[in-house]
Amino acid sequence: MKKLVPIILFSILFVAGRQTLYAFGAQDGTATPDTTLTKKEIKKAKRKEERKNLKPHFRLSLNTTYAFLETQVRFITPGGLVSFQVGLEKNLQMPDQQIIVSSSMIYRITPRSGLYAMYYGLKRNSKHVLNRDIYLPGDTIFAGAYVNTFFNTDVYSFGYLFSILTREKSFLGVFFNLYLMNIRTGIESDIIQKRSFNYQFLAPLPNIGLIMDFELTKWFHLNSGVGTFFVNNIEGVGGTIQDIHFLTAFYPAKWLALSIGFHIFNVFVTSREQDYLLNVSYSFKGPSFSLRFRF
């Protein structure tokens with residue numbers, strides 16, 4: 001029993017000494033780190049800290065483009081023996097210049113991942129007297145008829161954004177988006193006998209592209225974006241998309257930018273309509289101005 005007394009005393013002193021050192025470390029701010037955390041928990045805590053320090057999280061751009069427009073509708077008969085094409089601006093007196101409003105949004109969830117969304121809207125119509133015959137699938141509207149023509153389209157895009165460069169003054173990201181394109185066009189005539197033709201194309205098309213933002217000074221940035229995709233003609237349905245913009249951004253405030261630049265947007269879709277193969281293409285390009293907010 002006497003031999004156990006020193007051992008017991010040593011154990012008590014050892015435990016008391018550890019508690020004293022731990023208490024001193026806690027007061028001094030140098031407590032021994034908790035080594036009971038798993039690798040998964042450490043990684044999760046690191047991501048949380050990175051996200052907390054990530055700025056800006058959110059960017060919203062409101063854009064206007066003074067666009068020069070060109071729209072073509074082409075009908076191809078079964079077998080491809082005959083085709084006829086109508087230019088909406090040249091033949092149906094559609095406006096060939098118009099201000100187009102669009103918007104885009106970037107939300108960065110982590111330094112590497114985020115969300116990217118866009119919207120374009122284009123609505124036009126024209127009422128006039130035809131100066132030439134217009135051939136439609138199974139019908140013809142003759143010159144001299146008073147017609148109402150319209151062309152409306154909405155393009156929605158949403159997807160995933162992966163950041164390649166995550167430096168404070170340089171941003172380069174690649175996005176994988178899905179375009180939902182809704183195109184509606186038609187022509188109507190009420191002379192003698194009402195004639196009309198209406199066409200609607202609603203389809204999702206994938207898209208891939210790059211977004212760049214480089215800070216040259218605190219008040220001056222260069223921005224650009226390129227998006228493109230091609231879907232081959234599968235059972236009469238296909239299309240291509242090209243979206244390109246270049247901007248110079250001036251920051252009068254940390255959260256606000258004024259941008260000027262140039263915007264190009266091209267769309268081509270093909271589908272079947274009443275046994276005809278129908279191709280619709282439209283494009284706009286022109287100078288643009290935008291407001292950008294970032295938080």
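No hydrogens, no waters, no symmetry mates; every other heavy atom, side chains included, goes into these values.
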Do [X] and [Y] have side chains that get closer than 4.5 Å, going by heavy atoms?
{"X": "L291", "Y": "L258", "result": "yes"}
{"X": "I260", "Y": "T248", "result": "yes"}
{"X": "L247", "Y": "S290", "result": "yes"}
{"X": "N182", "Y": "R184", "result": "yes"}
{"X": "Q242", "Y": "I264", "result": "no"}
{"X": "I183", "Y": "Y282", "result": "yes"}
{"X": "I241", "Y": "N266", "result": "no"}
{"X": "K169", "Y": "L216", "result": "no"}

Pairwise distance [atom1]([X]) to [atom2]([Y]) - rounded to 0.5 angstrom:
{"X": "T153", "Y": "F284", "atom1": "OG1", "atom2": "CZ", "value": "10.0 Å"}
{"X": "D133", "Y": "I141", "atom1": "CG", "atom2": "CD1", "value": "10.0 Å"}
{"X": "L122", "Y": "S102", "atom1": "CG", "atom2": "OG", "value": "11.5 Å"}
{"X": "L180", "Y": "D154", "atom1": "CG", "atom2": "CG", "value": "9.5 Å"}
{"X": "I244", "Y": "L210", "atom1": "CD1", "atom2": "CG", "value": "11.5 Å"}
{"X": "D243", "Y": "N177", "atom1": "CG", "atom2": "CG", "value": "10.0 Å"}

Should [X] and [Y] be counted in the same cluster of Ile, Leu, Val, Met, Phe, Trp and Tyr side chains packed under 4.5 Å apart?
{"X": "V101", "Y": "M105", "value": "no"}
{"X": "I106", "Y": "F214", "value": "yes"}
{"X": "V267", "Y": "V226", "value": "no"}
{"X": "F289", "Y": "L60", "value": "yes"}
{"X": "L115", "Y": "F293", "value": "yes"}

- side chain to side chain contact (heavy atoms under 4.5 Å, CB included) evaluation trace for L88 with Q72: CA-CA 6 Å; L88 270 61; Q72 302 282 343; over 6 Å; no

For residues [X] and [Y], report the shortest heavy-atom separation together with the two atoms involved.
{"X": "R112", "Y": "I164", "result": "NH1-O, 2.9 Å"}
{"X": "T65", "Y": "G286", "result": "CG2-O, 3.6 Å"}
{"X": "Y251", "Y": "K218", "result": "CB-O, 4.0 Å"}
{"X": "S189", "Y": "V147", "result": "CB-CG1, 3.8 Å"}
{"X": "N125", "Y": "P95", "result": "O-CD, 4.1 Å"}
{"X": "N279", "Y": "I76", "result": "ND2-CD1, 3.8 Å"}

- Does the gap between the ring centers of Y120 and F265 come in under 6.0 Å? yes

- With a 6.0 Å cut-off on ring centres, are F250 and H221 close enough? no

For [Y], is there any backbone N or O sitting under 3.5 Å from a side-chain donor or acceptor partner on [X]?
{"X": "R59", "Y": "Y107", "result": "no"}
{"X": "R108", "Y": "F58", "result": "no"}
{"X": "S126", "Y": "Q93", "result": "yes"}
{"X": "T228", "Y": "I208", "result": "no"}

- Do we see a donor-acceptor contact under 3.5 Å between the side chains of S288 and N63? no

- Can you check side chain to side chain contact (heavy atoms under 4.5 Å, CB included) on L92 and F151, steps first, answer last? CA-CA 11 Å; L92 297 178; F151 184 90; over 6 Å; no

- Quick one: ring pair (Phe, Tyr, Trp, His ring centres under 6.0 Å) pairs with a partner in residues 153-187, sequence neighbours left out? Y116-F175, Y119-Y156

What do you reckon, is [atom1] of [X] surrounded by more than 12 foreign heavy atoms closer than 6.0 Å?
{"X": "E70", "atom1": "CD", "result": "no"}
{"X": "R74", "atom1": "CZ", "result": "no"}
{"X": "K123", "atom1": "NZ", "result": "yes"}

- Is the closest basic N to carboxylate O distance between R294 and D213 below 4.0 Å? no

- Verify side chain to side chain contact (heavy atoms under 4.5 Å, CB included) between R292 and N223, making sure each step is shown before the conclusion. CA-CA 11 Å; R292 172 177 291 185; N223 309 126; 3.4 Å; yes

- Evaluate the side chain to side chain donor-acceptor pair (under 3.5 Å) criterion for residues E89 and T71: first the C-alpha distance (whole Å), next the side-chain angles of each, then the deciding distance (0.1 Å), finally the verdict. CA-CA 7 Å; E89 293 82 15; T71 314; 2.8 Å; yes

- Check which hydrophobic residues are tied to F68 through side-chain heavy-atom contacts below 4.5 Å, counting indirect links as well, and list them. Y66, I99

- Item | side chain to side chain contact (heavy atoms under 4.5 Å, CB included) between L172 and I211, intermediate numbers included | CA-CA 6 Å; L172 174 63; I211 301 174; over 6 Å; no

